[in-house]
Every structure is written in structure tokens, then in C-alpha cells.
Amino acid sequence: MSSTHDVIEEILRKRGLVSRIFANREVLHPDYVPDSLPHREREITKLAEILVISAKGERPSNVFLYGLTGTGKTAVAKYVVKKLVEKASAFGVRLNYAYVNTRKVDTAYKVLASIAASLGLKVPHTGLAVSEIYRRYISALNSWNGLHIVILDEIDFFVKKHGDDILYKLLRVNEDLSNARVSVIGITNDLNFVEELDPRVRSSLGEEEIVFQPYNADQLFTILKQRAELAFKPGVIDDSIISYCAALAAREHGDARRALDLLRVSGEIAEREGVDKVTIEHVKKASLEIEENKIYQSIASLPLHQKLVLKSILEIVTSKGYASTGDVYAKYVEKTRHFSLEPLTMRRVSDIISQLDMMGLIMAEVTSRGRYGVTKMIKMREDFIPIIEKALRDLD
DNA sequence: AGTCCACCGGAAAACATGGCAA
DNA sequence: TTGCCATGTTTTCCGGTGGACT
């Protein structure tokens, strides 16, 4: 199918600079906020109402958004706040916002600095005390004199790492302010997270809360359809494909992000193959590729001993079909010598096996073999074996 | 009916690491 | 920098267990 008449075009296409599949790949990126958010009307309205009241000079409410991953929390928060900023002058309010993902921005200093930066404040990368930034932020707020909305995404990560001090401070910022006001929107996908908070923080942040339910397959379809129309060139993808993606993602607790990933990767695969239509086969490959990627990631981030244990399991399972803790431990000790390392205890290895089980890399079940004792029966999913083998290849 | 294997898995002590205040 | 505390990891210790075997 390759015509040699335009080599440049061919190279550009291979590099993804010219695409016959994508019109605008950005639209499928997880951070993209579309012009409308289907099936989140209720949440949008509620959030907007809460914030508008704050803007009118009442004591601002803080809002807590929670729901599983890919249920649209971040998108709704950004969407509403952006719209409000656009309309702010119309109802005579000064309005600005800060968005901080506290998983990526993971120290108190950086969080405060980036909040302050959204007010146009210049804060050095390092060198100031945290309390100094706080002071500067307050004074900037006071002289600016409007409503500042602070979106803290994935706060569960931050609080687990650094405790809730900053949260507490931020929530009480209003007491140090004369004219300006601050509203905090907290976002988390850990539903139990609230219970770990200091009661004062909890009551203050949870004044208003909005729960996000997972999308079902129909809703996912609408969402995907909307994005697909922008992302793909006309005629590249048809509804049956989109609906297949939606169905696949709906099986995994209705995660819209996963669904969009699936769509994007499917497109990329089609592109790599040089065809100009996305098929069911591409989606299946994409699903596999995403799955494989997850396995690679989780294995790559494993400490050495865990890898050795996994490798031992792999070798035994491929030759015998299953493994027991004793087998694994013997093989593991052998490997450990080969690397001239001190082996861990069997007790520990037993825990590591359970850990690998929870990660979904292996299947371990305690069984009694009667006269031959109690042990974990360790098996692996057939389709994982080649992937895991590949991921562990560097251990020889 | 009783034994006994080959581990399991809880508890706690020992050790390692890392952040933080002084 | 130092010392302290918290947290996470690993070892030590040990009672417990289901069922094949006698």
C-alpha cells in the first residue's frame, strides 16, 4: 500500500505529525476538559450553586467531591470553575482559581506556592519558610479582594503523606481575611479517606459534598461518541466500535478515563498499521496492550527480592503447572546466592507471595495437601505468563 | 481416631529509612 | 548537622491447621 512518491509524507505520518486517523488527539487526553459534560448535569448544577453563593459575599462553603476514578470529578470541578471565571465580571465579582494535583505537587511548599502563583504571585522555588508563603498569599488575597477557588485534586495522597495541617490552614484562611474569600474544593477517589481526617477539617471541608456515581455503558457511549467526533477524522470510527469500547470499560467500574484510553490506543494502533479505519480488532489489541502495560509497570517498580520471588514462581509454574511456597523458597534462595545476596526469611517470602497475589500477578490459595502439609497453591494466568516472562528477562 | 506434615499467619522485637525541628 | 519520631520492612518466635495417611 505504500506509494513511494511521497517519502516525506510517509515519515511524517509515521512520526505522528500527519495522521489519517486523528484530527485532534488532544481531545482524548485525560486532562482535556470538553465543552460539555454529559451525564453530570446534576453535579455541575450543584457545584455551581454552591460556588455562586460564595461569590455573592456569603461565608464561602467548602466542597468535597468524591467518587471512583474516572467518574468526572476533576472534569466537573475544572469545568464549573472555568465557566464561572468567564462569567464573573457579569455578576460583578472578582474570581480566580487554583488547580493543584497534590499527587504530582507533593510537598506543602509546592502546593502553597502553586496556589499563590495562580494569583500572579511570584514565589521562589525554594528558600522561604512555608509560613512565609502563607503570609504572602494572605496579603495578596487581601489586596486583590475577590473570591479565590482552590481545587485540591487527589488530596487523599497528600494527607496520607503530610497530614492535614495545610488543609486545616487553608480551610481557615477566611478568618485572616478582611475582604477576600477562599473556597476549597477537595477531590478524592478514596471513599474512606474522610474518616481519617481531623474532625475539624472534616466538618469544614465536608460542609457540602457531592458524590459521583460510576457511568454505565450507555453513558460511557455518549461520552466517547462526543470525544470521538472531535478526535478522529470523519469516517474513521463508527458507532459499533465506540459502543464496544464503552462496554469493555463499563465492565471495569465505569471508568471514563480507561474508556478514553482504550479509544486513543485503538486509534494509535490503527495508525501504526497504516490503515484508515479503526476496527474491533484494534480495540481488542488496545485492551491487551493497556493490560500488558499495567503489568510491565507494576513489575518494573518491584524491588529486587520481589522480582526474584516472582521469577522463581514463574519458572516453577511453567515447568510444573503450579508451585508451593516451599518450592518457591528453595528456588529463590538459589537465585539469591547467584546474585550473592542474603536471602530473606521464608516468613517474609510468604508475605511477598501474598502481595504478588493481591497485585493480580499470580493466584495464590492456601490448600491442605493432607499428609504433605498446608501450603499456598500458586498458579498463574496462562495469558500473563509470556508477558511476565518478558518483563523479568533482565534477571539472568 | 490419631498423627504429623509443611506450611500459615499473628505478634512483637529489631532494624532501616526518611522527614522534621531545633 | 544532630537527634528524635514515625513509618515501613524484615526477622524471630510460635501457636494453629486440614486432611492424607497409618
Side-chain angles (χ1 to χ4, degrees), chain A residues 100-114 123-135 152 154-170 188 190 192-193 195-199 201 297-317 319-380 395:
Chain A
V100 185
N101 184 321
T102 58
R103 177 143 63 142
K104 292 175 187 154
V105 179
D106 60 349
T107 67
Y109 186 97
K110 287 189 200 158
V111 169
L112 270 177
S114 96
V123 183
H125 284 301
T126 177
L128 296 182
V130 174
S131 55
E132 173 60 21
I133 310 182
Y134 183 74
R135 206 171 307 130
L152 296 177
E154 312 204 56
I155 37 173
D156 44 331
F157 274 89
F158 189 83
V159 171
K160 261 175 216 150
K161 237 179 152 210
H162 305 280
D164 41 21
D165 300 4
I166 302 133
L167 213 50
Y168 184 66
K169 269 197 168 174
L170 261 179
T188 169
D190 180 356
N192 303 319
F193 160 72
E195 285 155 30
E196 294 163 25
L197 286 174
D198 181 310
V201 175
Q297 300 293 18
S298 54
I299 290 180
S301 62
L302 240 37
L304 180 58
H305 284 281
Q306 271 78 339
K307 281 189 189 171
L308 289 175
V309 172
L310 185 58
K311 179 93 174 172
S312 308
I313 294 171
L314 180 76
E315 284 172 12
I316 296 166
V317 167
S319 73
K320 239 178 33 163
Y322 70 94
S324 68
T325 308
D327 301 341
V328 173
Y329 189 66
K331 186 136 242 164
Y332 158 80
V333 170
E334 194 182 300
K335 289 190 179 303
T336 217
R337 297 261 176 268
H338 180 256
F339 283 79
S340 52
L341 291 164
E342 277 299 301
L344 299 174
T345 358
M346 184 185 269
R347 180 70 188 81
R348 178 85 255 271
V349 169
S350 171
D351 273 347
I352 291 174
I353 293 172
S354 307
Q355 190 188 324
L356 293 172
D357 177 44
M358 285 204 287
M359 291 172 72
L361 293 171
I362 61 175
M363 288 138 50
E365 193 186 359
V366 295
T367 47
S368 171
R369 293 178 299 176
R371 177 70 185 68
Y372 306 103
V374 172
T375 186
K376 287 199 181 85
M377 270 285 263
I378 305 165
K379 295 182 178 171
M380 296 174 89
L395 279 187

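Below, chain A is the first sequence line, B the second, and so on; all start at residue 1.
Note: CD (A:Q355) to P (B:dG9) measures 14 Å, nearest angstrom. At whole-Å resolution of the value, CG in A:D351 and P in B:dC7 are 15 Å apart. The CZ atom of A:R348 sits 14 Å away from the P atom of C:dT12 (whole-angstrom rounding). Atom-to-atom, NZ of A:K110 to C1' of B:dG19 comes out at 14 Å; the value is rounded to the nearest Å. One can place OH of A:Y372 at 8 Å from C1' of C:dC21, the figure rounded to the nearest angstrom. Rounded to whole Å, atom P of C:dT11 lies 9 Å from atom CD1 of A:I352.
Atom-to-atom distance recorded for A:K376:NZ and A:S324:OG is 11.0 Å, nearest 0.5 angstrom. The distance from atom NE2 of A:H305 to atom OG1 of A:T336, rounded to the nearest 0.5 Å, is 5.5 Å. Considering OG1 of A:T325 and CE of A:M346, their distance stands at 7.0 Å, rounded to 0.5 Å.
Two residues, A:R371 and A:L344, neighbour DNA chain C, and the one matched to the more 5' nucleotide by heavy-atom proximity is A:L344. Nucleotides of DNA chain B nearest to A:R347 and A:G326 differ in position, and the one nearer the 5' end is that of A:G326.
The side-chain heavy atoms of A:I352 and A:L344, taken from C-beta on, include a pair separated by under 4.5 Å.
Among the protein residues, A:P303 comes within range of no part of the nucleic acid, since none of its heavy atoms lies under 4.0 Å from any strand. Residue A:V374 is classed as a base contact, given a heavy-atom separation below 4.0 Å to a base.
Look at A:S350 and you'll find a side-chain N or O under 4.0 angstrom from OP1 or OP2 of B:dC8. Listed pair A:K376 / B:dG9 meets the phosphate criterion, a side-chain N or O lying under 4.0 Å from OP1 or OP2. Checking the phosphate oxygens (OP1, OP2) of C:dT11, a side-chain nitrogen or oxygen of A:T345 falls inside 4.0 Å. Within the structure, every side-chain polar atom (N or O) of A:S324 is placed at least 4.0 Å from both OP1 and OP2 of B:dA6.
Within residues 327-337 of chain A, no residue is approached by DNA chain B to less than 4.0 Å at the level of any non-hydrogen atom.
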Should A:D357 and A:S354 be marked as a side chain to side chain donor-acceptor pair (under 3.5 Å) after you check the CA-CA gap, both sets of side-chain angles, and the distance that decides it? CA-CA 5 Å; A:D357 177 44; A:S354 307; over 6 Å; no

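Residue A:Y372 places its OH atom among 12 or fewer non-hydrogen atoms of other residues, nucleotides or ligands, all under 6.0 Å distant. For NZ of A:K379, the number of neighbouring non-hydrogen atoms (other residues, nucleotides, ligands) closer than 6.0 Å is 12 at most.
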